[in-house]
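Chain letters run A, B, ... following the sequence lines, proteins first and then strands; every chain starts at 1. What you are looking at is a predicted structure, and each value in this text was computed from that prediction instead of being measured.
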2 protein chains.
Amino acid sequence: MYIHIFVFEILLTQMELEKEIQQTNFKSQKHKAVLNILFTASWLGCQQQRFLKEHDISPQQYNVLRILRGQKGNPITVNGIQERMIDRSSNASRLIDKLKEKKLTERVICENDRRQVDIVITKLGLELLKEIDIEMEDEENTFGKITIKEAEELNRILDKLRG
Amino acid sequence: MYIHIFVFEILLTQMELEKEIQQTNFKSQKHKAVLNILFTASWLGCQQQRFLKEHDISPQQYNVLRILRGQKGNPITVNGIQERMIDRSSNASRLIDKLKEKKLTERVICENDRRQVDIVITKLGLELLKEIDIEMEDEENTFGKITIKEAEELNRILDKLRG
DNA sequence: TACAAATATATGTATATACATTTAATGTAT
DNA sequence: ATACATTAAATGTATATACATATATTTGTA
């Protein structure tokens, strides 16, 4: 169940994809779509990284903090976090360690299964997220370039693609 | 011109996004779209990585090789390659070094501007790409889950989003 | 010409990542 | 109960990456 269509041989300057893409001779729209998804994700990731850097956390660390906040107080194990991360990474343990060093998370050993370690977000962690939320709200409209209908359509197609 | 809407607090298991996504209470379809793009790109990247590993090259290295092949014999500088890469990375130099070690590329110093280094793909590099092409062709239909019309629509929306 | 600014590439360094292995706790079959 | 497999988390190690800086060359300008 692999997907192996990756056509990168066309010239693509980061900032000019939208222009270039019209001139290209991609073998097909599908190939172009794969490239477009990877490219757009990289573009989004870049923005995110630059923004979060001001708060001294990586996108991965931010991702984990959001997962923890989403738990609304319920603990979640290291494994649980790993499964929910955007980039499946085998380093959830070390990643959480970094967050602990920054006093943003805490570890609690499960009494019923002492192999497991429950992770919770600290008050400081929640405050950091709140701070980031506020800053992000101002910028949210930047994403207004597509309509809600288009966003829905985008989601539908991406889901189908992976489905 | 940043994009800062990243809602990750919903539970998302890699293999089950398509199920989970229907149950989620994302703030909006737009937020969901950002997550969906990042997630799908990660999913695509994973497939790619596992496949390419059998040929002992990384996705980034593969990306560079395709760019070089796309040059159809014309040389391209390190900087030129860097601009065209999917993941803007400041390490094009070292990346190309790895390819050189594997005899897949060669460096040629430009005579008209001796700061520049022209890179070309070797016969061995082209052979490797050919080999990968053949293996990929068998799998291409896997990407047939969306129609060409949908692929076009996907491209249109992604372009608009970045535009 | 001389000399500062700009450009292309390479490198130093700290951190992040992938992948394999280890450690500890639990489950299961005999 | 004992032995073996399984699971959760942590760690070792090689490689990759980001970011800053260095080096060499070219360009622009007084």
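Listed by chain and residue number, B/Glu150 satisfy the salt bridge (charged side-chain N to carboxylate O under 4.0 Å, His left out) test with A/Lys160 (two or more places apart in sequence, or in another chain). The side chain to side chain contact (heavy atoms under 4.5 Å, CB included) search around A/Leu124 returns A/Lys103, A/Leu104, A/Thr122, A/Glu127, not counting sequence neighbours. Under the side chain to side chain donor-acceptor pair (under 3.5 Å) criterion, A/Gln116 pairs with no residue at all, not counting sequence neighbours. A search for side chain to side chain contact (heavy atoms under 4.5 Å, CB included) contacts involving B/Glu111 returns B/Arg114, not counting sequence neighbours. When the side chain to side chain donor-acceptor pair (under 3.5 Å) test is applied to A/Glu153, the partners found at least two apart in sequence or on another chain are A/Arg156. Not counting sequence neighbours, A/Gln60 has no partner by the side chain to side chain donor-acceptor pair (under 3.5 Å) test. In this structure, the side chain to side chain contact (heavy atoms under 4.5 Å, CB included) partners of A/Val78, at least two apart in sequence or on a different chain, are A/Ala92, A/Ile96, A/Val117, A/Ile119. Scanning for side chain to side chain donor-acceptor pair (under 3.5 Å) contacts around A/Asn79 gives an empty result, with sequence neighbours left out. Judged as a side chain to side chain contact (heavy atoms under 4.5 Å, CB included), and not counting sequence neighbours, the contacts of B/Glu131 are B/His55, B/Glu135.
Base pairing of C/dT30: its partner is D/dA1, meeting the Watson-Crick or G-U wobble criterion (both donor-acceptor distances under 3.5 Å).
If you measure from atom CD1 of B/Ile81 to atom P of C/dT9, you get 9 Å, rounded to the nearest angstrom. One can place CD1 of B/Ile96 at 10 Å from C1' of C/dT9, the figure rounded to the nearest angstrom.
Among the heavy atoms of the strands lying under 4.0 Å from A/Thr77 are primed sugar atoms or P, OP1, OP2 only; no base atom is included. A/Asn79 comes within 4.0 angstrom of the backbone, heavy atoms only, and of no base.
For DNA chain D, the outermost nucleotides in 5' to 3' order that have an atom under 4.0 Å from a heavy atom of chain B are D/dA16 to D/dT26.
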Review item, nucleotides 1-5 of chain C N/O atoms under 3.5 Å of protein N/O:
none

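The minimum heavy-atom distance linking B/Tyr62 with B/Ile57 is given by the pair CB-CD1, 3.7 Å. Closest heavy-atom contact between A/Leu52 and A/Pro59: CD1-CA, 3.7 Å.
Ranked by how close their nearest DNA chain D nucleotide is to the 5' end, B/Leu95 and A/Asp97 are led by A/Asp97.
A heavy atom closer than 4.0 Å to some atom of DNA chain D occurs in B/Asp113, B/Arg114, B/Arg115, these being the qualifying members of residues 103-120 of chain B.
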